[in-house]
Engineer: 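First, the structure itself, so that you have it in front of you.
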Amino acid sequence: MEKKEDQQQQEEEQVVNPWEVSAKDGGKIDYDKLIDKFGCQRLDQSFVDRVQRLTSCPPHVFLRRGVFFAHRDLNEILDAYERGDKFYLYTGRGPSSEALHLGHLIPFMFTKYLQDAFKVPLVIQLTDDEKCMWKNLSVEESQRLARENAKDIIACGFDISKTFIFSDFDYVGGAFYKNMVKVAKCVTYNKVVGIFGFTGEDHIGKVSFPPVQAVPSFPSSFPHLFSGKDDLRCLIPCAIDQDPYFRMTRDVAPRIGCHKPALIESLFFPALQGETGKMSASDPNSAIYVTDSAKDIKYKVNKHAFTGGQESIEKHRQYGANLEVDIPIKYLNFFLEDDAELEHIKKEYGAGRMLTGEVKKRLIEVLTELVERHRRARAAVTDEMVDAFMAVRPLPNMFD
């Protein structure tokens with residue numbers, strides 16, 4: 001009884017689902033509790049070492065610093081890969097805004113690394129239908145945003161010979177729709193309410209959507225890519241708020257004769273104002289966007305980035321910075337490649353020998369370079385390139 005009450009209290013403390021992320025009283029997300037609640041596993045150093053050994057590639061910064069921190073059945077994917085069985089990657093984006101912020105780029109940056117390291121194909125789902133239903137956008141606007149977001153995704157450097165990008169409005173039908181119906185028949189209304197928290201006020205479009213995000217996990221949904229490869233396994237890199245979709249998918253998969261998808265899941269990228277879950281699209285100062293100018297980035301970091309520095313230089317020299325709450329340090333942990341430099345900054349700043357202004361200055365340099373590089377790459381993406389990535393076509397060299 002006591003354990004049940006504890007669990008209820010934990011669930012009241014924080015809400016994490018695909019549409020809402022909030023901690024109790026605006027605090028930090030407790031990822032250990034989240035792992036217990038969702039039933040996934042921690043990704044420990046042995047996985048990082050094993051990925052490096054299997055791919056002969058240095059582990060991505062997001063892997064070695066625990067940005068991707070949880071998984072489901074990653075060991076099975078790696079076991080199969082070691083036996084010579086390939087897999088495919090599946091990730092996605094709900095296109096609700098024209099510009100992406102840095103938090104949106106994280107799964108794509110990591111997926112690009114996985115594609116290059118393991119030399120495997122990738123499907124990217126643009127859930128324009130979902131955003132039409134949740135964000136009250138018109139069908140046409142959702143489709144337009146999907147194409148705009150596709151340009152940012154392509155700018156991350158994916159290999160066109162191994163990548164298929166699709167929007168639900170364009171692609172759903174045929175084998176994909178057959179799998180959706182198979183999944184839908186296995187999930188009761190009570191079950192979907194239990195997983196996603198739908199209420200009597202939600203329209204039926206929302207209740208019927210989860211199978212759409214589930215079935216890219218099954219190779220038979222893509223006969224133009226994986227015909228005769230129904231045994232191919234799927235690995236999904238995503239933020240941990242997407243886990244409810246794939247708990248449902250993994251529950252259903254064996255009942256329709258499919259492999260359960262494996263997942264590798266990331267922490268949330270914190271808002272500039274502090275670690276209170278995800279960033280708010282309604283507050284442009286809560287995030288760095290890929291459309292921000294160097295001047296915007298400098299202003300946002302200097303004005304809005306929450307720091308753990310002390311209120312005066314004297315106190316700072318005496319006590320040092322609180323790195324646990326410092327957003328510039330957290331952002332550098334994501335984006336500063338050099339491990340030795342990061343450790344040096346943390347040591348000096350934590351001891352009070354380095355000031356907040358110096359740390360922010362380094363972060364501004366790192367973010368400006370990242371955003372400029374992305375902007376140049378995106379400017380080179382034409383409508384013809386988007387059409388090519390989204391064309392329904394075989395990928396004959398996808399495992400080379």
Engineer: Quick one: does NZ or CZ of Arg93 land under 6.0 Å from the six-membered ring centre of Phe108, within 45 degrees of the ring axis?
Structural biologist: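 That pair does not qualify as a cation-pi contact.
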Engineer: With a 4.0 Å cut-off on N to O distance, would you call Asp32 and Arg42 a salt bridge?
Structural biologist: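 Salt bridge present between Asp32 and Arg42.
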Engineer: Step by step, would you call Asp168 with Thr127 a side-chain hydrogen bond (donor to acceptor under 3.5 Å, both in side chains)?
Structural biologist: CA-CA 6 Å; Asp168 289 341; Thr127 55; 5.2 Å; no
Engineer: Kindly assign one of parallel, tilted or perpendicular to the pair His316 and Tyr349, based on the angle between their ring planes and the thresholds 30° and 60°.
Structural biologist: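 His316 and Tyr349: tilted rings.
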Engineer: After noting the C-alpha distance and the side-chain angles of Gln242 and Gln213, does the key distance pass the side-chain hydrogen bond (donor to acceptor under 3.5 Å, both in side chains) rule?
Structural biologist: CA-CA 10 Å; Gln242 298 300 305; Gln213 189 159 325; 2.8 Å; yes
Engineer: Salt bridge check: are Asp339 and Arg65 linked by an N-O gap of less than 4.0 Å?
Structural biologist: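 So Asp339 pairs with Arg65 through a salt bridge.
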Engineer: Can you label the angle between the His60 ring and the Tyr113 ring as parallel, tilted or perpendicular, going by 30° and 60°?
Structural biologist: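 Tilted.
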Engineer: Are any of the side-chain heavy atoms of Val371 and Leu102 separated by less than 4.5 Å?
Structural biologist: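 Contact flag for Val371/Leu102 side chains = yes.
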Engineer: Please report the shortest heavy-atom distance between Cys156 and Leu105, naming the atom on each side.
Structural biologist: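 Heavy atoms only, the tightest pair is SG-CD2, 3.9 Å.
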Engineer: Between Lys260 and Asp251, is the closest basic N to carboxylate O distance under 4.0 Å?
Structural biologist: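 Between Lys260 and Asp251 there is no salt bridge, as every charged N stays at least 4.0 Å from the carboxylate O atoms.
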Engineer: Relative to each other, are the rings of Phe166 and Phe164 parallel, tilted or perpendicular (30° and 60° limits)?
Structural biologist: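 Ring orientation of Phe166 relative to Phe164: parallel.
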Engineer: In terms of hydrophobic clustering (I, L, V, M, F, W, Y; side-chain heavy atoms under 4.5 Å; direct or indirect links), are Ile124 and Leu145 co-clustered?
Structural biologist: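 No: no chain of side-chain contacts under 4.5 Å links Ile124 to Leu145.
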Engineer: Do the side chains of Ile264 and Leu235 get nearer than 4.5 Å, heavy atoms only?
Structural biologist: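 Yes, close enough: below the 4.5 Å cut-off.
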Engineer: I'd like to know if Glu311 and Lys315 make a salt bridge, using a cut-off of under 4.0 Å between side-chain N and carboxylate O.
Structural biologist: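 Result for this pair is yes, salt bridge flagged.
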Engineer: Could you check, using the six-membered ring where one of them is a Trp, whether His104 and Phe269 have ring centers closer than 6.0 angstrom?
Structural biologist: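 No, they do not, as the ring centres are separated by 6.0 Å or more.
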Engineer: Between Glu141 and Arg144, does at least one N-O distance fall below 4.0 Å, as a salt bridge requires?
Structural biologist: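 Yes, this pair counts.
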Engineer: Salt-bridged, Asp79 to Arg83, with N to O below 4.0 Å?
Structural biologist: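 No, Asp79 and Arg83 are not salt-bridged.
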Engineer: Are Glu369 and Arg373 ion-paired here, with the side-chain N under 4.0 Å from a carboxylate O?
Structural biologist: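 Yes.
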Engineer: Mind telling me whether Tyr90 and Phe246 have parallel, tilted or perpendicular rings, with 30° and 60° as the class edges?
Structural biologist: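 Correct class here is perpendicular.
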Engineer: Which pair of heavy atoms, one from Val386 and one from Ala150, lies closest together, and at what distance?
Structural biologist: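 So the two residues come closest at CG1-CB, 4.2 Å.
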Engineer: Inspect the contact between Arg147 and Asp387 and indicate whether a charged nitrogen and a carboxylate oxygen are less than 4.0 angstrom apart.
Structural biologist: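 Arg147 and Asp387: salt-bridged.
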Engineer: Do NZ/NE/NH1/NH2 and the carboxylate oxygens of Glu365 and Lys298 come within less than 4.0 Å?
Structural biologist: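 Salt bridge flag = no for Lys298 with Glu365.
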Engineer: Is the shortest distance from a Lys or Arg side-chain nitrogen in Glu130 or Lys206 to a carboxylate oxygen in the other one below 4.0 Å?
Structural biologist: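 Judged by the 4.0 Å cut-off on N to carboxylate O distance, Glu130 and Lys206 do not form a salt bridge.
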Engineer: Classify the angle between the aromatic ring planes of Tyr31 and Phe268 as parallel (below 30°), tilted (30 to 60°) or perpendicular (above 60°).
Structural biologist: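 Taking Phe268 first and then Tyr31, their aromatic rings sit tilted (interplane angle of 30° to 60°).
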Engineer: Answer yes or no: is there a side-chain heavy-atom contact under 4.5 Å between Arg53 and Glu82?
Structural biologist: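 Yes. Closest side-chain heavy atoms under 4.5 Å.
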Engineer: For Gln125 and Val212, which heavy atoms make the closest approach, and how far apart are they?
Structural biologist: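 Distance-wise, the nearest heavy atoms are NE2-O, 3.0 Å.
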Engineer: So, for Ile77 and Cys234, which heavy atoms are closest and what is the spacing to 0.1 Å?
Structural biologist: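 Closest approach of Ile77 to Cys234: CD1-O, 3.8 Å.
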Engineer: With a 4.0 Å cut-off on N to O distance, would you call Lys300 and Asp296 a salt bridge?
Structural biologist: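 Not counted as a salt bridge, because no side-chain N and carboxylate O are separated by less than 4.0 Å.
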Engineer: Once you measure the plane-to-plane angle for Phe196 and Phe198, does it fall in the parallel (<30°), tilted (30-60°) or perpendicular (>60°) bin?
Structural biologist: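 Rings of Phe196 and Phe198: parallel, under 30°.
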Engineer: Applying the 4.5 Å side-chain criterion to the ILVMFWY set and letting contacts propagate, would Val67 and Leu272 be lumped into a single cluster?
Structural biologist: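 Same cluster: Val67 reaches Leu272 through Ile, Leu, Val, Met, Phe, Trp or Tyr contacts under 4.5 Å.
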